[in-house]
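Here the structure is laid out as structure tokens; the discussion comes afterwards.
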Amino acid sequence: MNVNTIQKIVIAGGGTAGWMAAAACAKLLGKSKKIVLVESDEIATVGVGEATIPSLVLFHKILGIDERAFMRETHATFKLGIQFADWRDTDTQYFHGFGTTGKDFWASGFQHFWLRGRELGMADAFGDYCLEAVVAEANSFSHLPNNGLNYAYHLDAGAYAGFLRRIAEREGAQRKQGNIDKVVLDKSSGDIRSLVLASGEQIAGDLFIDCTGFRALLIEKALHVGYEDWSHWLINDRAMAVQTEANEACVPYTRSNAHAEGWQWRIPLQNRIGNGIVYSSHHLSDEVAEQKLKSGLRGECINAPKIIPFRTGRRREVWKNNCIALGLASGFLEPLESTSIHLIQQGILRLLRMFPHSGCEPETVAEFNRQTVFDTERIRDFIILHYKVTQREDSEYWRYCKNMDVPDTLAHRIDLFRKTGHVYREGNELFVDSWQQVMIGQGLPPERHHPLIDEMTEQELKQFLLGIRQDIQDKVRRLPKHQDYLSKYCVNQGEAK
Ligand SMILES: Cc1cc2nc3c(=O)[nH]c(=O)nc-3n(C[C@H](O)[C@H](O)[C@H](O)COP(=O)(O)OP(=O)(O)OC[C@H]3O[C@@H](n4cnc5c(N)ncnc54)[C@H](O)[C@@H]3O)c2cc1C
């Protein structure tokens with residue numbers, strides 16, 4: 001095959017996944033490839049992916065996005081982590097912050113020093129040693145030198161798609177509006193040749209990116225790759241979302257409040273709050289879910305609650321023939337740790353790195369699929385951890401979660417941490433420090449600390465722990481309130497003069 005086999009990339013779907021892919025492909029490949037995105041004005045986007053994780057900052061750097069403009073146009077706020085209430089048990093709370101907790105010393109992770117300090121009654125809560133968690137709880141924020149504060153964003157999903165669309169179109173991507181009626185396959189190779197719109201227009205291409213959301217029109221309806229169902233581990237299968245007026249200063253974190261049959265989110269934007277309840281339809285009816293959702297709201301609703309059914313799991317292959325699925329078309333974990341947009345980003349960057357300029361070689365396809373499975377399964381395990389490691393037994397839902405079998409990969413991590421306090425990073429997996437934050441937060445204290453810690457005198461340990469706390473507190477004292485920082489940061493520089 002010659003080097004220019006892939007000349008035209010067709011992206012099906014214009015939600016977050018479609019426009020992220022279009023913006024990145026146009027920016028990085030637009031000079032040599034034609035990029036076309038097809039979306040339907042009649043089929044709404046899912047519209048609820050509004051909390052992100054810090055990797056998005058990097059994605060924006062790659063695209064050369066101006067942060068202030070992005071935040072203004074998407075009504076974004078800063079996010080330092082997630083506050084989990086009632087997860088470990090009712091009336092408990094912990095914070096999963098984006099940074100590291102404490103600092104490792106000698107050959108030992110910080111959690112061992114903390115455990116010993118806890119035994120001796122000289123340590124504060126684990127989260128008090130994580131800068132991001134303490135800054136968040138103080139409702140403060142500022143950019144710090146050398147990326148000293150890890151952050152992500154809360155954003156308006158619809159506005160974000162519009163923002164990315166402008167970048168993509170500026171970089172040469174072409175948008176087509178219309179309903180995709182049919183996917184035409186090449187009979188001998190099984191490759192996708194074209195998409196046929198309801199108008200009869202035919203859009204041919206060399207490489208197709210399926211971003212059609214839960215419909216998965218290309219990867220599943222046309223190519224039948226199959227779905228690996230994870231609903232026995234991640235049992236929620238429904239969400240109900242509603243927006244409310246912003247009636248308080250924006251906090252720099254997502255709230256996740258567990259309830260007897262699921263959990264509820266609260267995501268602050270500059271102009272409104274995103275709320276939603278995630279639940280298992282086997283345990284909770286839509287009517288009761290709506291009552292629960294509404295009883296947890298703080299402001300007036302500005303739209304009607306919208307039900308979003310889903311099935312947790314992943315496509316067996318996200319790349320088949322000349323089609324790559326991104327976003328909801330590729331599968332869905334659940335929104336608990338806001339990881340879907342990150343997985344879209346990973347898929348796009350992986351595609352760009354492994355771009356099949358000379359055709360879709362089976363080796364490239366297999367490696368792409370292998371890496372995707374690895375990323376997705378590690379994140380899956382991390383999310384299941386929140387349900388499995390709990391002391392809640394107040395409902396059938398929580399009793400099921402607490403007693404369910406979990407994937408071997410997760411069972412191993414839990415057992416290792418329980419017995420030794422050790423955590424590890426496998427390959428390039430996303431979550432690192434987060435494992436111990438959530439395991440301790442959910443109530444899984446290790447049975448012993450690392451024996452190395454006993455080499456430290458009690459006085460030395462006290463100084464070590466105190467030094468970290470004081471350093472964090474000194475930093476936090478100097479930071480402005482998140483709302484004040486946001487209001488100044490997002491002012492249009494032209495208007496400010
Ligand atoms: C309840 C819930 C909460 C979530 N919260 C988060 C979160 O906080 N953070 C996070 O990272 N992720 C979250 N997600 C996931 C996130 O919403 C998605 O990953 C993200 O919005 C990307 O969606 P998408 O672009 O794949 O699909 P969609 O937004 O559904 O877009 C699909 C596109 O395909 C088009 N389309 C479909 N069929 C056709 C057709 N026949 N012809 C033409 N066009 C068609 C539609 O018009 C649309 O443009 C959440 C998901 C759910 C369900």
Side-chain angles (χ1 to χ4, degrees), residues 10-22 37-56 59 79 82 152-158 160-162 164-165 175-183 195-199 201 203 209-222 236-242 254-256 262-267 269 274-279 289 293 305-312 315 318 325-348 379 383 430:
V10 177
I11 301 167
T16 307
W19 284 114
M20 280 177 79
L37 182 145
V38 190
E39 67 177 325
S40 163
D41 287 345
E42 286 162 26
I43 303 173
T45 62
V46 69
V48 278
E50 307 208 312
T52 66
I53 59 172
S55 50
L56 195 65
F59 186 71
K79 173 183 171 189
I82 305 175
Y153 313 102
H154 301 117
L155 51 82
D156 175 325
Y160 187 49
L164 292 169
R165 174 180 164 186
R175 173 183 183 264
K176 297 251 176 201
Q177 197 288 122
N179 270 21
I180 301 164
D181 246 10
K182 207 171 140 201
V183 178
L195 308 179
V196 183
L197 304 189
S199 62
E201 186 180 359
I203 301 169
I209 306 186
D210 186 351
C211 299
T212 57
F214 289 128
R215 286 178 173 78
L217 289 184
L218 283 59
I219 198 78
E220 192 60 66
K221 298 243 165 63
N236 295 326
D237 59 358
R238 253 165 138 68
M240 191 182 293
V242 71
T254 304
R255 286 194 177 92
S256 166
W263 62 280
Q264 187 158 340
W265 79 75
R266 186 172 160 82
I267 296 178
L269 301 185
N275 310 271
I277 186 164
V278 182
Y279 55 103
L293 173 63
K306 175 183 164 189
I307 293 179
I308 307 157
F310 58 83
R311 182 156 73 109
T312 53
R315 295 273 162 234
V318 290
L326 293 174
L328 299 171
S330 68
F332 185 51
L333 292 164
E334 68 136 279
L336 187 58
E337 283 282 354
S338 340
T339 43
S340 296
I341 293 174
H342 166 82
L343 283 169
I344 296 170
Q345 164 181 340
Q346 282 295 93
I348 294 169
I379 294 175
I383 297 176
L430 173 64

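In listed order, ligands and their atoms are each counted from 1. Everything numeric in this text was worked out from a predicted model, so none of it was measured.
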Would the distance check show the side chain of [X] and the main-chain N or O of [Y] forming a donor-acceptor pair, the cut-off being under 3.5 Å?
X: Arg315; Y: Glu220; value: no
X: Gln177; Y: Val38; value: no
X: Glu50; Y: Ile267; value: no
X: Glu334; Y: Asn236; value: no
X: Asp210; Y: Leu218; value: yes
X: Lys306; Y: Val46; value: yes
X: Asn275; Y: Val242; value: yes

Contacting atoms of ligand 1, where contact means under 4.0 angstrom from a heavy atom of [X]:
X: Ile43; result: 37 (C), 38 (N), 39 (C), 40 (C), 41 (N), 46 (C), 47 (O)
X: Gly178; result: 42 (N), 43 (C)
X: Glu50; result: 7 (C), 8 (O)
X: Ala51; result: 7 (C), 8 (O), 9 (N), 10 (C), 11 (O)
X: Ser338; result: 9 (N), 11 (O)
X: Ile344; result: 19 (O), 22 (C)
X: Asn179; result: 42 (N)
X: Gly327; result: 26 (O)

Quick one: does [X] get a heavy atom under 4.0 Å from ligand 1?
X: Cys211; result: yes
X: Trp19; result: no
X: Ser330; result: no
X: Thr52; result: no

Query raised in the report: Given Ile11, Thr16, Thr212, Leu155, which one has a non-hydrogen atom that is nearest to atom 20 (C) of ligand 1?
Result: Thr16

Query raised in the report: Out of Ile53, Thr45, Leu328, whose heavy atom is nearest to atom 26 (O) of ligand 1?
Result: Leu328

Query raised in the report: Does the side chain to side chain contact (heavy atoms under 4.5 Å, CB included) test come out yes or no for Leu155 and Leu56, once each step is laid out?
Result: CA-CA 11 Å; Leu155 51 82; Leu56 195 65; 4.0 Å; yes

Using a 3.5 Å cut-off on N or O atoms only, is [X] in polar contact with ligand 1?
X: Ala12; value: no
X: Val38; value: no
X: Phe332; value: no
X: Ile180; value: yes
X: Ala17; value: yes
X: Gly18; value: no
X: Ser40; value: yes
X: Val46; value: yes

**Report entry** Any Ile82 side-chain heavy atom under 4.5 Å of Trp265 side chain
**Finding:** no

Query raised in the report: Are any of the side-chain heavy atoms of Leu195 and Glu201 separated by less than 4.5 Å?
Result: no

Region of [X] that comes within reach of ligand 1 [heavy atoms, distance under 4.0 Å]:
X: Ala239; answer: side chain
X: Val278; answer: neither
X: Asp181; answer: neither

[atom]: nearest protein contact (heavy atom, Å):
atom: atom 27 (O) of ligand 1; answer: Gly213 CA, 3.5 Å
atom: atom 2 (C) of ligand 1; answer: Val48 CG2, 3.4 Å
atom: atom 12 (N) of ligand 1; answer: Ser340 CB, 3.2 Å
atom: atom 35 (C) of ligand 1; answer: Gly13 CA, 3.7 Å
atom: atom 11 (O) of ligand 1; answer: Ile341 N, 2.8 Å
atom: atom 38 (N) of ligand 1; answer: Arg215 CD, 3.3 Å
atom: atom 16 (C) of ligand 1; answer: Gly49 CA, 3.8 Å
atom: atom 4 (C) of ligand 1; answer: Pro335 CB, 3.5 Å

Measure the spacing between [atom1] of [X] and [atom2] of [Y] and express it to the nearest 0.5 Å.
X: Arg175; Y: Arg165; atom1: CZ; atom2: CZ; answer: 4.0 Å
X: Ile53; Y: Lys79; atom1: CD1; atom2: NZ; answer: 7.5 Å
X: Phe310; Y: Leu328; atom1: CZ; atom2: CG; answer: 10.5 Å
X: Leu269; Y: His154; atom1: CG; atom2: NE2; answer: 8.0 Å

Query raised in the report: Looking only at side chains, do Thr212 and Lys221 share a donor and an acceptor under 3.5 Å apart?
Result: no

Query raised in the report: Given His342 and Thr52, is the side-chain hydrogen bond (donor to acceptor under 3.5 Å, both in side chains) satisfied, shown in steps?
Result: CA-CA 7 Å; His342 166 82; Thr52 66; over 6 Å; no

Report task. Check step by step if side chain to side chain contact (heavy atoms under 4.5 Å, CB included) holds for Ser256 and Trp263. Result -> CA-CA 7 Å; Ser256 166; Trp263 62 280; 3.4 Å; yes

Report task. Kindly indicate, with the supporting measurements, whether the criterion side chain to side chain contact (heavy atoms under 4.5 Å, CB included) is fulfilled by Asn179 and Leu197. Result -> CA-CA 5 Å; Asn179 270 21; Leu197 304 189; over 6 Å; no

**Report entry** side chain to side chain contact (heavy atoms under 4.5 Å, CB included) between Leu37 and Lys176, intermediate numbers included
**Finding:** CA-CA 6 Å; Leu37 182 145; Lys176 297 251 176 201; over 6 Å; no

